[in-house]
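Every heavy atom of this structure was used, including side-chain atoms; hydrogens, water molecules and symmetry mates were not.
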Amino acid sequence: MRNRTGGALFVGVVVVVVAALLAIFNQSRTFAQFMGPDYDPGKLDNIQIFLSAIDNDTPSREITLTPEDPAAQELLALLNRQTYDVVYGVGTIGSQVPLAYTVSLTLVMEREGDGYPSAFFYLNGSPEMTIRGLEQGADFSNLIPTYYRADLAFQQEVLDLLLAQPYEEVQEA
């Protein structure tokens with residue numbers, strides 16, 4: 001009888017530990033949470049945007065927004081309004097739902113020491129987007145890639161905002 005009680009207790013503890021780990025690693029995150037505790041929107045230097053056209057006959061676009069630009073404030077408000085669910089990249093991550101462009105955003109903060117801290121966002125219409133906050137820097141060496149859920153309506157709203165901005169055409173070879 002002791003073995004059964006001990007075995008049941010062991011299974012119970014394992015279930016609780018696994019549930020706790022799943023809860024910790026699958027928490028939703030806000031924009032401010034993945035940007036990190038040192039994020040200060042007042043220290044934004046610029047937002048560099050690259051819109052890569054899906055259609056090979058359409059030129060890609062480069063856009064730079066400054067903090068004073070109303071579009072920069074609107075973009076930050078869009079990113080702040082969204083809650084991002086964590087998705088771990090074990091196996092294949094969702095299929096691409098075509099947008100007219102893929103979107104690469106780099107939020108560049110004011111100079112600190114030898115460089116400019118930055119955060120990176122990439123979305124392409126798939127159910128997941130890549131986000132690297134200020135604390136993560138350019139470290140893409142995660143053993144298990146981490147993505148964040150972003151519905152198509154949100155991604156289209158970001159793209160629509162960016163397409164309305166003045167841009168420079170980029171001809172890709």
With the side chain counted from C-beta on, respond yes when L162 and V103 share a heavy-atom pair under 4.5 Å apart, and no when they do not. yes
For the atom pair OG (S118) and CG (L44), what is the distance rounded to the nearest 0.5 Å? 11.0 Å
Hits for side-chain contact (heavy atoms from CB on, under 4.5 Å) against D55, two or more places apart or cross-chain, chain-then-number order -> D57, T58
When rounded to the nearest 0.5 angstrom, what is the spacing between CE in M35 and CD1 in I131? 10.0 Å
Taking the basic N atoms (NZ, or NE/NH1/NH2) and the acidic carboxylate oxygens, is any pair closer than 4.0 Å for R149 and E128? yes
Applying side chain to side chain contact (heavy atoms under 4.5 Å, CB included), run through T106 and I47 and close with a yes or a no. CA-CA 6 Å; T106 303; I47 303 173; over 6 Å; no
Identify the heavy atoms of Y122 and S104 that sit nearest to each other, and give their distance. CD1-OG, 3.4 Å
Let me see the working for D38 and D40 under side chain to side chain contact (heavy atoms under 4.5 Å, CB included), right down to the final yes or no. CA-CA 6 Å; D38 294 333; D40 177 358; over 6 Å; no
Could you tell me whether the side chain of L99 reaches within less than 4.5 Å of the side chain of L123, counting heavy atoms only? yes
Checking D160 against Q156: is there a side-chain donor and acceptor pair closer than 3.5 Å? yes
Same hydrophobic cluster for Y148 and L159, using side-chain heavy-atom links shorter than 4.5 Å among ILVMFWY? yes
Between atom CD1 of I54 and atom CG of N124, what is the distance when rounded to the nearest 0.5 Å? 7.0 Å
Working for ring-ring contact (aromatic ring centres under 6.0 Å, His included), residues F31 and Y84: CA-CA 8 Å; F31 176 76; Y84 304 88; 7.5 Å; no
So if you build clusters from Ile, Leu, Val, Met, Phe, Trp, Tyr with side-chain heavy-atom gaps below 4.5 Å, do L163 and Y167 land together? yes
What is the distance from atom CG of L75 to atom CD1 of I63, rounded to the nearest 0.5 Å? 10.0 Å
What distance separates L79 CG from F154 CZ, expressed to the nearest 0.5 Å? 5.0 Å
Please check if L65 and L161 belong to a single hydrophobic cluster, counting links between Ile, Leu, Val, Met, Phe, Trp and Tyr side chain heavy atoms closer than 4.5 Å. yes
Rounded to the nearest 0.5 Å, what's the gap from OG1 on T64 to CD on Q165? Could you check? 11.5 Å
A150 to M129 - nearest heavy-atom pair and separation: CB-SD, 3.4 Å
Going through the distances and angles, do R132 and F121 end up as a side chain to side chain contact (heavy atoms under 4.5 Å, CB included)? CA-CA 7 Å; R132 299 287 179 252; F121 302 79; over 6 Å; no
Q155 side chain to G125 backbone, donor-acceptor under 3.5 Å: yes
V170 backbone acceptor or donor facing R61 side chain under 3.5 Å: no
How close do Q82 and D151 get, counting heavy atoms only, and between which atoms? NE2-N, 4.4 Å
Regarding S28 and D85, is there a side-chain donor-to-acceptor distance under 3.5 Å anywhere? yes
Do I49 and Y116 share a hydrophobic cluster (ILVMFWY, side-chain heavy atoms under 4.5 Å, transitive)? no
R29 and T83: CA distance, side-chain angles, deciding distance, side chain to side chain contact (heavy atoms under 4.5 Å, CB included) verdict: CA-CA 6 Å; R29 290 183 175 84; T83 300; over 6 Å; no
